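Computed from a prediction, not measured in an experiment: that's the story for all the values here.
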Amino acid sequence: MRLTRFIFLSTFLYIITTQALAQPILDIYFSNRASESRGPNFSKVEEIHELYVPRSGTVSYFKVVKTYNSNGRVISEKKYNKVGGIMGEAYWEYNSKGEPTKFVNKQFMNFKGWVSEKTILTYSDSTGLLSKIDIYYGNKLHKSAEVTSKDMKLTKVLVFNDKNVHVETERVVYLPQNNSIRVLRYKANDQFISATTYPLNPKLPEPPSSIKREFNSYGDIILEAIPHNKFEKGYYYEYDYDSYHNWIEKRIYICDIKRNGKIINKKLEYKITRKIQY
């Protein structure tokens, strides 16, 4: 999970729906392509999330339970608060190639109650490539996207609102030398919005980033830093592993990083403990 997401967690505590608003519509496709396990496929994972709130000393707690299909793809995820009340749930469906075809996300929002979002992904009969994405809030179409491709690669997405008005364009750029795919978002008038990077091959090292990152021998991130500051603000990660080299506890510390690489002022901010069933 990236540095920006942990900063967000510190202020709002992991709400998928809000995160999705800042992501490309293609995120559901590009972010769901690799197995999470380094050994046998997961069948079920229970995660205990503990967020240590600065100054107050209190700990925010929630639990996430995920189940997986025989190919190791997540098919359900449920979130619970500390007293066992359900906070949200999500479900995935896939085609025979392991590509997502349906995603349903339900979250409990204050003053609104339960809010449901459903995403339907359609693939071309002729090319087999993604061709359309429809997003529904409740039973009402909220957003749709037409996906075009060339040379068996996704190239451009036109995004329309619920009135079928073109509101955004996403352009897909492939950079094999950096093992990366860049999705560039623009408003309908071609004003740039944002850029998001995904690995071209999820099994290879992550693409380069403006955020400086270091990894351990298992490929897990151990340091993230924002460069060009007197003291580089960052996050330091520690892990405990099982026999398959899948982590069973992750500890994330906010810290300052000196120019010589020395880490100072390290404070535990976030911890995830996992119980994995294969």
Under 4.0 Å between a Lys/Arg side-chain N and an Asp/Glu carboxylate O for [X] and [Y]?
{"X": "K267", "Y": "E269", "value": "no"}
{"X": "R251", "Y": "E238", "value": "yes"}
{"X": "D162", "Y": "K143", "value": "no"}
{"X": "D27", "Y": "R185", "value": "no"}

Closest heavy-atom contact between [X] and [Y]?
{"X": "G88", "Y": "Q107", "result": "CA-OE1, 4.0 Å"}
{"X": "L121", "Y": "P100", "result": "CB-O, 3.5 Å"}
{"X": "I120", "Y": "Y136", "result": "CG1-CE1, 4.3 Å"}
{"X": "L223", "Y": "I263", "result": "CD1-CD1, 4.0 Å"}
{"X": "E224", "Y": "I257", "result": "O-CD1, 4.2 Å"}
{"X": "R38", "Y": "D220", "result": "NH2-OD1, 2.8 Å"}

Partner residues of E36 under the side chain to side chain donor-acceptor pair (under 3.5 Å) criterion, sequence neighbours left out: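 Listed in chain order: Y68.
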W92 and N105: CA distance, side-chain angles, deciding distance, side-chain contact (heavy atoms from CB on, under 4.5 Å) verdict: CA-CA 9 Å; W92 291 258; N105 182 38; over 6 Å; no
Residue that, paired with T119, satisfies side-chain contact (heavy atoms from CB on, under 4.5 Å) out of D134, I133, T101: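 Answer after filtering D134, I133, T101: I133.
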With V157, the side-chain contact (heavy atoms from CB on, under 4.5 Å) member among K132, E170, E146: E170
If you measure from [atom1] on [X] to [atom2] on [Y], what distance do you get to the nearest 0.5 Å?
{"X": "K153", "Y": "T148", "atom1": "NZ", "atom2": "OG1", "answer": "14.0 Å"}
{"X": "I221", "Y": "R213", "atom1": "CD1", "atom2": "CZ", "answer": "5.0 Å"}
{"X": "K106", "Y": "K78", "atom1": "NZ", "atom2": "NZ", "answer": "9.5 Å"}
{"X": "N71", "Y": "S35", "atom1": "CG", "atom2": "OG", "answer": "9.5 Å"}
{"X": "Y236", "Y": "I252", "atom1": "OH", "atom2": "CD1", "answer": "12.5 Å"}
{"X": "L200", "Y": "Q177", "atom1": "CG", "atom2": "CD", "answer": "10.0 Å"}

Centroid-centroid under 6.0 Å between Y241 and W247 rings: no
Is the shortest heavy-atom distance from the side chain of [X] to the side chain of [Y] under 4.5 Å?
{"X": "Y239", "Y": "I222", "result": "yes"}
{"X": "I48", "Y": "E46", "result": "no"}
{"X": "M87", "Y": "F108", "result": "no"}
{"X": "Y278", "Y": "N246", "result": "yes"}
{"X": "T67", "Y": "Y91", "result": "no"}
{"X": "Y253", "Y": "L268", "result": "yes"}
{"X": "Y244", "Y": "S37", "result": "no"}
{"X": "I86", "Y": "W114", "result": "yes"}

Counting distance only, does the side-chain N/O of [X] pair as donor-acceptor with the main-chain N or O of [Y] below 3.5 Å?
{"X": "R73", "Y": "R33", "answer": "yes"}
{"X": "R171", "Y": "Y186", "answer": "no"}
{"X": "H166", "Y": "E168", "answer": "yes"}
{"X": "K97", "Y": "G128", "answer": "yes"}
{"X": "D256", "Y": "I264", "answer": "no"}
{"X": "Y174", "Y": "L154", "answer": "yes"}

Under 4.5 Å between side-chain heavy atoms, hopping through other hydrophobics if needed: is there a path connecting [X] to [Y]?
{"X": "V104", "Y": "Y137", "result": "no"}
{"X": "V147", "Y": "I193", "result": "no"}
{"X": "V167", "Y": "F192", "result": "no"}

From CA spacing to verdict: side-chain contact (heavy atoms from CB on, under 4.5 Å), H49, K79: CA-CA 10 Å; H49 293 246; K79 297 184 181 67; over 6 Å; no
side-chain contact (heavy atoms from CB on, under 4.5 Å) evaluation trace for Y52 with K271: CA-CA 8 Å; Y52 296 81; K271 183 172 75 171; 3.8 Å; yes
Donor + acceptor pair across side chains of S126, S124 (<3.5 Å): yes
Residue pair N32, F103: steps toward the side-chain contact (heavy atoms from CB on, under 4.5 Å) verdict: CA-CA 11 Å; N32 192 6; F103 171 67; over 6 Å; no
